[in-house]
Amino acid sequence: MNASVDTAMNRRAFEQALRDKGRYYHSHHPYHRAMYSGRCTPEQIRGWVANRYYYQIMIPQKDAAILANCPDPRVRRLWLQRILDHDGHGDEAGGIEAWLALAEAVGLSRAEVIDQRHVLPGVRFAVDAYVRFVRRASWQEAACASLTELFAPEIHQSRLDSWPRHYPWIESEGYRYFRKRLSEARRDVQHGLTVTLDHFVTGAQQARALEILQFKLDILWTLLDALTMAYMHHTPPYHTVTDRPVWHRGL
């Protein structure tokens, strides 16, 4: 069931329509399917980890933009936890540090991940487009875009289930990020879903919410399209005009 501009769905039907978008989640992308089934090479795993790092470090900036645009202190108090989860606080290392541990576990150095030398232009453009949207949208629309978290626990669990079996060369410490996000994503999605269900109540608003969620799904899918070209089809940017990896930062 889909929303139209004239007819609003009830709360349960609207939530189901949001959840139905899961069929477009990037877990269904061929690159992810290859990772789950053990068909990725070490280079392909490392390429994904190095590029996904750029998405990881932009998450706190995205969430900070939502906080900046939100006038409700109750929402801000809850949403702030997302930044702490990724950046860390006190003695607690955050998700970004856990991602760097994953990078080291797959054979990358911290330096080459942090300096973003492997980040593809398509990945950078897609992630930046998401952050720009969040900065310019209302905080409710930006929160709605976060609802790809509805589908995240399953993807994290699938990595924990399949990677140790298929990729025994990956050090076990690298899986800390996925274990950490299992509980965090479930908590976060309850808040983001409540915001969306409470705010988008007319047919037009609900149709807009579904468009926003699809936009975020497009962002995630596009990241993997860029990785597929570079690491599966061996056609990285500018491969026809130079042998140098000109997409590397600073070159």
Side-chain angles (χ1 to χ4, degrees), residues 11 14-15 18-19 21 25-26 51-100 113-114 116 119 123-153 155-156 176-202 204-206 208-220 222-223:
R11 192 177 181 92
F14 180 37
E15 178 177 343
L18 292 165
R19 291 185 181 277
K21 286 287 187 179
Y25 193 50
H26 63 169
N51 275 271
R52 180 79 180 188
Y53 174 77
Y54 186 66
Y55 180 84
Q56 298 302 129
I57 63 173
M58 296 303 284
I59 288 174
Q61 294 190 42
K62 174 267 296 184
D63 288 323
I66 293 176
L67 289 177
N69 291 333
C70 178
D72 188 335
R74 295 168 301 176
V75 173
R76 292 200 302 266
R77 282 194 295 269
L78 290 171
W79 210 274
L80 177 62
Q81 185 61 47
R82 296 170 182 248
I83 296 178
L84 299 177
D85 287 342
H86 283 278
D87 281 346
H89 57 96
D91 295 329
E92 179 69 24
I96 293 174
E97 181 59 33
W99 196 267
L100 288 170
V113 176
I114 290 171
Q116 302 173 28
V119 177
V123 169
R124 192 180 299 277
F125 292 160
V127 174
D128 289 351
Y130 175 41
V131 176
R132 281 195 301 272
F133 169 80
V134 169
R135 286 172 175 162
R136 296 171 183 174
S138 69
W139 70 268
Q140 295 98 333
E141 288 193 338
C144 177
S146 76
L147 284 182
T148 48
E149 290 166 338
L150 280 167
F151 323 115
I155 205 172
H156 294 316
R176 181 161 52 94
Y177 177 86
F178 304 135
R179 290 192 293 267
K180 186 173 185 289
R181 285 303 296 164
L182 276 175
S183 58
E184 291 174 353
R186 292 189 179 100
R187 178 207 64 210
D188 291 346
V189 77
Q190 288 307 313
H191 183 215
L193 184 59
T194 298
V195 167
T196 299
L197 295 176
D198 287 347
H199 178 74
F200 297 88
V201 293
T202 69
Q205 288 172 332
Q206 291 172 348
R208 174 62 176 160
L210 292 170
E211 289 175 356
I212 291 168
L213 182 52
Q214 185 61 58
F215 162 74
K216 176 62 181 308
L217 291 163
D218 292 347
I219 292 290
L220 296 175
T222 297
L223 302 185

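The analysis underlying the following values was restricted to heavy atoms, covering all of them including side chains, and did not include hydrogens, waters or symmetry mates. All of these numbers come straight from a predicted model, not from anything done at the bench.
Cation-pi geometry between Arg208 and Phe200 is not met: the NZ or CZ atom fails to fall both under 6.0 Å from the ring centre and inside 45° of the normal. With Tyr55 as the aromatic partner, Arg52 meets the cation-pi criteria of under 6.0 angstrom to the ring centre and within 45 degrees of the ring axis.
Among all heavy-atom pairs drawn from Ala137 and Asn69, the shortest one is O-ND2, 3.7 Å. Nearest heavy atom pair, residue Leu213 against residue Leu147, reads CD1-C, 3.8 Å. Residue Ala65 comes nearest to Val134 through the heavy atom pair CB-CG1, 3.9 Å, listed as atom of the first residue, atom of the second, then distance. Closest approach of Thr222 to Ala126, counting heavy atoms only: CG2-CB, 4.2 Å. Taking each heavy atom of Cys144 and Ala209 in turn, the nearest pair found is SG-O, 3.5 Å. Residues His86 and Pro60 come closest through the heavy atom pair CB-CG, 3.7 Å.
A salt bridge does not link Arg187 with Glu184: none of the charged nitrogens is closer than 4.0 Å to a carboxylate oxygen. We find that Arg135 and Asp128 are not joined by a salt bridge, their nearest charged nitrogen and carboxylate oxygen being 4.0 Å or further apart. Using a 4.0 Å cut-off between charged nitrogen and carboxylate oxygen, Asp72 and Arg77 do not count as a salt-bridge pair.
Two residues are said to be in side-chain contact when any heavy atoms from C-beta on lie closer than 4.5 Å; Thr148 and Ile219 fail this criterion. In this structure, His89 and Ile83 have side chains that are not in contact, with every pair of non-hydrogen atoms separated by 4.5 Å or more. No side-chain heavy atom of Met58 sits less than 4.5 Å from a side-chain heavy atom of Tyr130. The side-chain heavy atoms of Leu223 and Asn51, taken from C-beta on, include no pair separated by under 4.5 Å.
The structure places CG of Leu217 at 7.0 Å from NZ of Lys21, a figure rounded to the nearest 0.5 Å. Atom-to-atom distance recorded for Asp85:CG and Glu92:CD is 8.5 Å, nearest 0.5 angstrom. Atom CD1 in Ile66 sits 12.0 Å away from atom CG in Leu80 (nearest 0.5 Å). Distance CG/Leu210 to CZ/Phe14: 5.5 Å, rounded to 0.5 Å. With rounding to the nearest 0.5 Å, the separation of CZ in Arg19 from CZ in Phe151 is 8.0 Å. In this structure, CG in Asp63 is found 12.0 Å from SG in Cys70, a value given to the nearest 0.5 Å.
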Task: CA sep, side-chain torsions, deciding dist, call: Val195, Trp139, side-chain contact (heavy atoms from CB on, under 4.5 Å) - done: CA-CA 10 Å; Val195 167; Trp139 70 268; 3.6 Å; yes
- [ ] Determine, step by step, whether Ser146 and Arg82 satisfy the side-chain contact (heavy atoms from CB on, under 4.5 Å) criterion, reporting the C-alpha distance in whole Å, the side-chain angles of both residues, the deciding distance to 0.1 Å, and the verdict.
- [x] CA-CA 11 Å; Ser146 76; Arg82 296 170 182 248; 4.0 Å; yes
TODO: Kindly determine whether Tyr53 and Val119 satisfy side-chain contact (heavy atoms from CB on, under 4.5 Å), including the steps that lead there.
DONE: CA-CA 8 Å; Tyr53 174 77; Val119 177; 5.9 Å; no
Task: Glu15 and Leu193: CA distance, side-chain angles, deciding distance, side-chain contact (heavy atoms from CB on, under 4.5 Å) verdict - done: CA-CA 8 Å; Glu15 178 177 343; Leu193 184 59; 3.6 Å; yes
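No more than 12 heavy atoms of other residues, nucleotides or ligands lie within 6.0 Å of CZ in Arg136, so this atom counts as exposed by the packing criterion.
Note: Phe133 and Phe215 have tilted aromatic rings, judged against thresholds of 30 and 60 degrees for the angle between ring planes.
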